[in-house]
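Everything quoted here is computed from the prediction, not taken from an experiment. Positions are given from 1 along the sequence.
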Amino acid sequence: MTYNETDWCETRPTGGPEAEQQEDVFFDMFADPDPFDTFSFTFPLPKNSSVTINLKGHKAELGQTLNSTGLTIWRASELLCNYLSTVPEKVKNKSVLELGSGLGLCSIYTYALGASKTIMTDGDSDALANLRSNVALNKLSEAEEKVCCKQLRWGLNVEGFRDEVGGRVNVVTGADIIYIEEVIEPLFRTVEEMLLPEGIFLLAYARRNVKIDRVFEGATAAGFRWVEPEGVEGVFLFERIR
């Protein structure tokens with residue numbers, strides 16, 4: 001099956017009180033003459049070096065009102081980066097796919113840590129366009145074989161996507177990407193279809209509307225087990241049950 005990107009974003013209700021309420025919020029958001037902000041993060045690199053990552057997105061206080069959660073920064077992204085800073089070998093010389101890349105913080109840091117290939121994805125076309133701008137802002141180029149930004153909607157034509165990006169990967173990552181229970185099954189199905197047999201899935205979890213136990217149940221059903229690395233807040237490592 002041919003893989004194609006499509007215009008898509010989360011759909012707001014089209015009628016009733018909820019729609020009117022969200023419409024008011026949507027309007028209020030744009031009452032700010034400049035809803036955008038620039039975020040700057042500095043993380044360590046091996047050999048006593050560091051990298052500073054600059055990102056453009058919507059102001060953090062607007063995060064809960066945006067149609068796309070991928071247009072601002074979320075704390076779990078920092079948690080995952082902090083974890084990777086302690087175990088750079090998890091991604092160095094590895095192919096890495098990020099699900100729900102948003103502004104691109106984790107993927108850009110993964111690239112800086114020496115990933116052999118960094119595949120950034122988002123399902124929302126607006127978030128994807130902003131992601132590509134942030135890639136350019138940090139002087140990365142999709143012309144390099146090591147970096148690409150693609151649309152990926154979990155559970156939909158993953159085989160075609162896999163062919164498009166050159167096959168399965170060593171590592172899948174995701175930060176603050178589970179907002180409703182309905183995404184758990186397609187999430188782990190996507191991870192299963194994209195991950196090499198010995199690969200790992202690193203999930204930075206933030207409690208929203210879904211309990212972590214429900215995530216674990218979905219992982220088990222998909223054939224994965226998990227561990228929470230010692231001394232790390234909110235990051236879980238999943239691997240296939242052998």
Side-chain angles (χ1 to χ4, degrees), residues 3-15 18-41 53-78 80-81 97-111 118-143 147-158 160-161 164-165 172-180 182-183 186-187 190 204 206 208-209:
Y3 167 79
N4 293 300
E5 291 186 6
T6 59
D7 290 334
W8 174 81
C9 67
E10 295 180 19
T11 303
R12 288 178 290 128
T14 56
E18 185 179 356
E20 293 176 4
Q21 181 181 14
Q22 289 201 23
E23 196 70 46
D24 290 341
V25 171
F26 189 70
F27 178 82
D28 289 344
M29 183 187 77
F30 286 101
D32 188 334
D34 183 12
F36 288 95
D37 202 354
T38 298
F39 307 91
S40 185
F41 302 87
I53 300 171
N54 297 306
L55 305 168
K56 187 170 184 179
H58 279 77
K59 293 176 180 176
E61 60 266 26
L62 299 177
Q64 298 294 344
T65 68
L66 295 172
N67 281 337
S68 171
T69 56
L71 289 172
T72 192
I73 198 71
W74 299 99
R75 182 169 177 267
S77 296
E78 294 181 69
L80 182 55
C81 288
L97 162 70
E98 184 179 18
L99 302 178
S101 296
L103 300 189
L105 178 63
C106 297
S107 282
I108 295 172
Y109 187 41
T110 294
Y111 172 89
T118 303
I119 306 168
M120 312 180 195
T121 70
D122 210 287
D124 185 290
S125 51
D126 290 338
L128 189 63
N130 193 68
L131 173 62
R132 286 172 170 151
S133 295
N134 281 330
V135 166
L137 179 64
N138 287 274
K139 304 187 186 308
L140 278 65
S141 171
E142 287 195 79
V147 178
C148 67
C149 300
K150 298 285 185 181
Q151 186 181 55
L152 176 60
R153 298 177 64 185
W154 305 342
L156 298 180
N157 192 19
V158 179
F161 176 85
E164 177 78 10
V165 299
V172 175
T173 66
D176 206 348
I177 56 175
I178 301 175
Y179 286 80
I180 56 174
E182 287 76 10
V183 306
L187 167 62
T190 300
R208 301 291 177 185
N209 302 312

Can a donor-acceptor pair be found, under 3.5 Å and without considering hydrogens, that links the side chain of E98 to the backbone of G174? no
Answer whether the closest heavy-atom distance between the side chains of C149 and V135 falls below 4.5 Å. yes
Counting C-beta onward and ignoring hydrogens, is there a side-chain heavy-atom pair between V165 and L97 closer than 4.5 Å? no
Could you state the interatomic distance from OG (S141) to CG (N138), rounded to the nearest 0.5 Å? 13.0 Å
Value for CD (E164) from CG (N157), rounded to nearest 0.5 Å, stands at 10.0 Å
Can you name the closest pair of heavy atoms from L99 and I177 and give their distance? O-CG2, 3.6 Å
Does K56 make a cation-pi contact with F39 (under 6.0 Å, within 45 degrees of the axis)? no
Main-chain N/O of L103 paired to N134 side chain as donor or acceptor, under 3.5 Å: yes
Just how far is it from atom CG of L140 to atom OG1 of T118, taken to the nearest 0.5 Å? 8.0 Å
Of the non-hydrogen atoms in A76 and D176, which two are nearest, and what is the gap between them? CB-CB, 3.6 Å
Apply the test side-chain contact (heavy atoms from CB on, under 4.5 Å) to residues I73 and F41: give CA-CA distance (whole Å), side-chain angles for both, the deciding distance (0.1 Å), then the verdict. CA-CA 11 Å; I73 198 71; F41 302 87; 3.8 Å; yes
For C81 and C106, which heavy atoms make the closest approach, and how far apart are they? SG-CA, 3.8 Å
For the pair L187 and I178, evaluate side-chain contact (heavy atoms from CB on, under 4.5 Å) and give the outcome as yes or no after the intermediate values. CA-CA 9 Å; L187 167 62; I178 301 175; 3.7 Å; yes
Please work out which of the three classes, parallel, tilted or perpendicular, describes the rings of F36 and H58, given edges at 30° and 60°. tilted
For a 4.5 angstrom cut-off between non-hydrogen side-chain atoms, does T173 reach L80? yes
Are D122 and S101 linked by a side-chain donor-acceptor pair shorter than 3.5 Å? no
Between CD1 on residue I119 and OG1 on residue T110, distance to nearest 0.5 Å: 11.5 Å
Using a 3.5 Å distance criterion without hydrogens, assess whether the side chain of S133 forms a donor-acceptor pair with backbone atoms of A129. yes
Shortest non-hydrogen separation from M120 to L131 and the atoms involved: CB-CD2, 3.7 Å
Can you name the nearest heavy-atom pair linking P186 to T190, along with the distance? O-OG1, 2.8 Å
Restricting to non-hydrogen atoms, name the atom on K150 and the atom on L128 that form the minimum distance, rounded to 0.1 Å. O-CD1, 3.6 Å
Sub-4.5 Å side-chain heavy-atom contact between F161 and L156: no
